[in-house]
Amino acid sequence: LAAVGDGHTYVYPDGPFDFAGIPLLFYVVQQELYVAAVLEEDHRQYLGARLRAVEGVGIDELVRRTQAYYGADNVYGTLVQLANFELFLAKKAVLEDLVPEWQDKSVVNILLQLPDGESRNVSLQAKPRLDPYFHRPQERLALPPLNGLEFCWGFLGSRKEVAYLRVLRMTKNRETYEKRASYSDVTEEVFEFHRSVYNNEENPSFEKALSALPSLTESYTELFEQMKSAKSTSLIIDLRTNIGGWALPADILIYFLYGKDALIDVHRRANIAIRKLSPEYFNDDPDQSLDVLNQVAISRGLRDYPLRKTDFDFSDPMTLEGGRLQESYARRLVEDDLALSPTFFTEYQAGTYSSFYTPQNVIVVTDSATFSAGFMFAQYLKLLDATVVGNVPSQNIGQMGEVLHFQLNHSKLGGAVSRSFLLHDADMADSNAAASILRPDHELTYEKLKEYGFSRSSAVEYALEIIEMKQSGAGSED
């Protein structure tokens with residue numbers, strides 16, 4: 001499966017996340033791995049060091065072997081699988097597969113290049129660490145806490161000039177559960193999430209539990225009202241380690257930030273799909289049926305013949321006009337999807353907060369673990385002229401996705417296979433979109449990371465530096 005070169009098609013590697021391999025947590029910067037956290041206080045001296053070899057196998061060769069072991073869209077995807085996404089370097093079973101040169105399994109020998117340039121051979125004990133505690137560099141910037149949720153917001157600085165929104169995942173919010181409840185049973189997930197939020201073992205009715213879940217619409221409303229009141233100059237949208245989920249958080253934010261028409265326009269350009277139909281496709285999405293799919297396509301004039309259950313569906317490309325999806329077609333797709341969330345769609349129909357406030361600077365922060373719907377979020381905002389700061393995401397602009405999950409009968413290993421090709425910029429339709437990357441406008445380099453002391457908030461600090469530069473430039477022009 002790795003040969004497909006698709007980050008959404010894989011078999012999960014066997015073995016626990018117990019740090020029985022290399023007991024260090026690596027992150028990606030540019031096309032390198034550096035030590036972002038250690039599990040033992042004595043290893044603090046290695047913070048910020050770059051990995052050069054494992055058991056004599058150089059990092060370039062290790063990357064090549066991983067590319068043949070586990071699928072990825074690009075080299076950043078392979079690096080982040082070794083690092084903080086899949087933690088391959090920390091998993092003993094995977095490390096044994098990737099580095100057969102590893103003989104003495106009680107220790108693992110690595111070559112690090114320290115921040116001062118010194119190369120050092122290091123031997124680390126290879127033993128299970130079931131409840132690891134991460135020692136990290138000292139934080140330089142206090143960011144609003146998630147407090148167990150997937151999104152949060154606040155202001156950086158007392159004058160509220162810079163607003164900050166963190167979206168860690170795109171699964172646990174009221175709007176997404178409302179959408180999913182329209183075509184699948186999410187009862188237990190909703191109750192579990194409700195209990196985690198309110199620390200209450202007693203379940204209310206499903207409707208009451210769902211309506212009490214944290215809401216993107218309500219959170220964005222409060223954020224944008226405060227931004228407008230404070231006349232905030234900048235909004236930082238932090239999508240680091242956002243590996244996706246459902247796209248609603250992105251669509252709702254674009255509505256608040258740029259308005260309805262901008263939301264439709266970005267979908268016309270950046271949400272074009274070719275889907276492979278199959279019995280598994282329809283089993284995985286109970287809301288879909290071949291009869292309904294054919295009926296809708298024929299009634300809308302997309303084609304005058306029915307598809308079979310094993311055909312490809314080219315409905316999106318067939319509606320292209322001037323390199324974009326037809327406006328009416330895209331609007332119908334977007335609004336039909338938004339209508340599955342009553343909480344947001346009520347606001348959308350009212351239009352009260354459409355393009356409610358657009359600050360001077362919209363900055364998107366990404367890293368190489370920004371993936372899937374998290375990547376789409378960043379790409380949509382970039383196409384709307386937001387400035388991207390950080391590291392290259394692990395997904396390509398032209399990519400496979402919308403996965404079907406499976407489990408092998410005998411080994412019980414699980415995995416996924418993509419069912420669609422997705423193009424997130426129609427302007428690249430005639431180029432090699434599958435090999436394209438989202439290159440940040442301001443890439444976080446190793447030297448810049450070092451300047452910020454390898455802090456977890458380095459990319460956000462860099463975003464603040466970019467904002468200051470932009471405002472200084474605007475001031476000098478005036």
Side-chain angles (χ1 to χ4, degrees), residues 175-186 246-248 250-252 254-255 259-351 354 373 376 380 383 398-404 417-430 433:
E175 289 79 0
T176 295
Y177 279 121
E178 286 177 339
K179 171 181 175 175
R180 294 179 56 207
S182 69
Y183 58 80
S184 62
D185 184 3
V186 295
W246 283 261
L248 267 176
D251 290 344
I252 297 173
I254 290 169
Y255 164 83
K260 290 183 181 180
D261 290 342
L263 176 60
I264 304 305
D265 286 344
V266 80
H267 275 268
R268 292 184 65 199
R269 177 175 174 180
N271 196 11
I272 301 167
I274 299 171
R275 295 180 171 89
K276 175 66 174 71
L277 305 183
S278 67
E280 292 76 18
Y281 175 95
F282 294 108
N283 290 338
D284 194 61
D285 189 350
D287 193 46
Q288 291 272 15
S289 76
L290 184 62
D291 290 340
V292 170
L293 187 150
N294 282 323
Q295 181 182 357
V296 169
I298 293 173
S299 67
R300 294 177 180 174
L302 297 179
R303 56 177 177 270
D304 55 7
Y305 56 87
L307 294 179
R308 297 167 297 182
K309 64 180 181 181
T310 57
D311 282 345
F312 287 89
D313 182 2
F314 289 90
S315 296
D316 285 3
M318 291 171 66
T319 72
L320 291 176
E321 288 183 348
R324 301 287 188 273
L325 293 176
Q326 292 176 359
E327 195 276 340
S328 59
Y329 175 80
R331 184 174 297 276
R332 189 180 299 115
L333 286 179
V334 172
E335 294 184 350
D336 284 353
D337 188 62
L338 297 179
L340 299 179
S341 169
T343 295
F344 174 64
F345 199 58
T346 299
E347 162 54 37
Y348 181 87
Q349 290 178 306
S354 177
M376 291 169 59
Y380 288 178
L383 293 178
Q399 50 98 196
M400 305 298 292
E402 298 184 341
V403 301
L404 296 169
V417 176
S418 295
R419 66 185 187 186
S420 305
F421 175 77
L422 306 168
L423 181 61
H424 299 302
D425 185 357
D427 288 354
M428 303 188 69
D430 296 328

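Small disclaimer: the values here were computed from a predicted structure and weren't measured.
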Self-check item: Partners meeting ring pair (Phe, Tyr, Trp, His ring centres under 6.0 Å) with Y380 (sequence neighbours left out)
Solution: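 Result, ring pair (Phe, Tyr, Trp, His ring centres under 6.0 Å) vs Y380: H267.
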Self-check item: Separation of L340 CG from F345 CZ (nearest 0.5 Å)
Solution: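 Nearest 0.5 Å value for the CZ-CG distance: 9.5 Å.
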Quiz prompt | From L290 atom CG to K309 atom NZ, the distance as rounded to the nearest 0.5 Å | solution =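 Here the rounded value is 9.0 Å.
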Quiz item: Is there a side-chain contact between R419 and S278, using heavy atoms and a 4.5 Å cut-off?
Solution: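 No. Closest side-chain heavy atoms not under 4.5 Å.
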Exercise. Side-chain contact test, heavy atoms from C-beta onward, threshold under 4.5 Å: evaluate it for L293 versus L277 and give yes or no.
Key: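 Yes, their side chains come closer than 4.5 Å.
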Exercise. Look at R303 together with D313 and state whether they make a salt bridge at an N to O cut-off of under 4.0 Å.
Key: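 The answer is yes: the pair qualifies as a salt bridge.
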Practice problem: Identify whether the distance between the nearest side-chain nitrogen and carboxylate oxygen of D427 and R324 falls below 4.0 Å. | Solution: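 Between R324 and D427 there is a salt bridge, with a charged N closer than 4.0 Å to a carboxylate O.
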Quiz item: Has K260 got its NZ or CZ under 6.0 Å from the middle of the six-membered ring of Y348, at an angle within 45 degrees of the ring axis?
Solution: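 Satisfied, under 6.0 Å and within 45°.
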Practice problem: For E327, look at atom CD and say whether over 12 heavy atoms of other residues, nucleotides or ligands are found less than 6.0 Å away. | Solution: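 Yes.
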Quiz prompt | Main-chain N/O of T343 paired to T346 side chain as donor or acceptor, under 3.5 Å | solution =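 No: the side chain of T346 does not pair with the backbone of T343.
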Exercise. Heavy atoms only: give me the nearest V186-A181 pair and the separation to one decimal.
Key: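 Answer, listing the atom of V186 first, then A181: CG2-CB, 3.8 Å.
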Quiz item: Of all heavy-atom pairs between S289 and F282, which one has the smallest distance, and what is that distance?
Solution: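 Answer, listing the atom of S289 first, then F282: C-CE2, 3.6 Å.
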Quiz item: Does the side-chain contact (heavy atoms from CB on, under 4.5 Å) test come out yes or no for L423 and D316, once each step is laid out?
Solution: CA-CA 10 Å; L423 181 61; D316 285 3; over 6 Å; no
